[in-house]
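Notes follow once the structure below has been shown.
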2 protein chains.
Amino acid sequence: MTEDRLDATFASLADPTRRAILARLAQGEATVNELAEPFAMSLPAISRHLKVLERAGLISRGREAQWRPCRLEAGPLKDIAGWVEHYRRFWDASFDRMADYLKELQTPKGDPDDRKN
Amino acid sequence: MTEDRLDATFASLADPTRRAILARLAQGEATVNELAEPFAMSLPAISRHLKVLERAGLISRGREAQWRPCRLEAGPLKDIAGWVEHYRRFWDASFDRMADYLKELQTPKGDPDDRKN
DNA sequence: GTTGTACTTAACGGATATGTTAATTAACAA
DNA sequence: TTGTTAATTAACATATCCGTTAAGTACAAC
């Protein structure tokens, strides 16, 4: 997994319309018009959002007659989950003490007697 | 957790410089100059990246004399982890069959006899 | 063929993002 | 006061994002 792919995935997910589209696709394939229906936004705008998602690898598109059914592709989401997992210890309560400890260990200018406990 | 906060968090994480800064901060507090050191980029550019991270709640900043030590704040990362977790079933192997099943269930134009198995 | 439906692309506009250099603020040190 | 270091802010250039409307493409139905 490259950094560029993380860039594209995070950037795609930064838009609420695109996240809503993914949520919709989590329930099954849908056409562009079906995906556009809930939004107060022109069809071309949705089409561009879909292109962004496709470029990020978050969806794939088939062809059935004049329809382009969209489908969720979760690979990049797995990458995101893997990335964020590295930070779990910073929000898990059981690791708070360790985080504090690590921080104290290498505070460059801190007074050593400032240490809690 | 609001949608806006997810927007800001994902947008912040879409930049590789900012992700690298977070990775650095995972090892402990650091000043702006320390954070800037690995990058071929001007200090004002780093300062702006830090402002983006701060606005997203991903870091906090203290004051020690003329230094502004930066510290990782993991709350928004926890939100990200929670968000992406909803999609786990789409990449977990044990759920592939279920995803297929759901897809078949509501394919609008599919031939019912197309169903696998 | 013509018409209708589904969707994309083109052209445009405004807002935001990301970098630069130069100037400024703030705190310490001589 | 003067100078040094740390960091931010100002001013600017460029690029990308996100929406619009209008035009174009692809397929289906008649």
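Heavy atoms only: backbone and side chains are in, while hydrogens, waters and symmetry mates are out. In what follows, chains are A, B, ... by sequence order, proteins preceding strands, each numbered from 1.
- Within 4.0 Å of B:Arg61, counting heavy atoms only, lie sugar-phosphate atoms of the nucleic acid but no base atom.
- Running 5' to 3' along DNA chain D, contacts with non-hydrogen atoms of chain A at under 4.0 Å begin and end at D:dC18 to D:dA28.
- At whole-Å resolution of the value, CD in A:Glu37 and C1' in C:dA6 are 15 Å apart.
- Every salt bridge (Lys or Arg N to Asp or Glu O under 4.0 Å) that A:Arg5 has, sequence neighbours left out, goes to A:Asp79.
- For C:dC7, the OP1/OP2 oxygens have no side-chain nitrogen or oxygen of A:Lys51 closer than 4.0 Å.
- Side-chain atoms of A:Glu37 never come within 3.5 Å of backbone atoms of A:Glu34 as a donor-acceptor pair (strictly under, hydrogens ignored).
- The side chain of A:Asn33 places an N or O atom within less than 4.0 Å of a non-bridging phosphate oxygen (OP1 or OP2) of C:dC7.
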Original post:
Checking side-chain contact (heavy atoms from CB on, under 4.5 Å) for the pair B:Phe39/B:Ile46: CA distance, chi angles, key distance, verdict?
Top reply: CA-CA 9 Å; B:Phe39 302 101; B:Ile46 299 295; 3.8 Å; yes
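- Every side chain to side chain contact (heavy atoms under 4.5 Å, CB included) that B:Ala14 has, sequence neighbours left out, goes to A:Phe10, A:Ala11.
- Listed by chain and residue number, B:Glu54 satisfy the salt bridge (Lys or Arg N to Asp or Glu O under 4.0 Å) test with B:Arg61 (two or more places apart in sequence, or in another chain).
- The main-chain N or O of B:Ser12 is found under 3.5 Å from a side-chain atom of B:Arg18 such that the two form a donor-acceptor pair.
- Residues that satisfy the side-chain hydrogen bond (donor to acceptor under 3.5 Å, both in side chains) test with A:Arg19, not counting sequence neighbours, are B:Glu3, B:Asp7.
- Checking C:dA27, C:dA6, C:dT8 against the side-chain heavy atoms of A:Gln66 singles out C:dA6 as nearest.
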Take B:Leu50 and B:Cys70 through the test side-chain contact (heavy atoms from CB on, under 4.5 Å) and record every step on the way to the result. CA-CA 8 Å; B:Leu50 293 175; B:Cys70 297; 4.0 Å; yes
Grab the N/O contacts between the protein and nucleotides 15-20 of chain C below 3.5 Å, and write none if there aren't any.
residue : atom : partner : partner atom : Å
C:dT18  : OP1  : B:Arg18 : NH2          : 3.2
C:dT18  : OP2  : B:Arg18 : NH1          : 3.1
C:dG19  : OP2  : B:His49 : NE2          : 2.3
C:dT20  : OP1  : B:Ser42 : N            : 3.4
C:dT20  : OP2  : B:Ser42 : N            : 3.0
C:dT20  : OP2  : B:Ser42 : OG           : 2.5

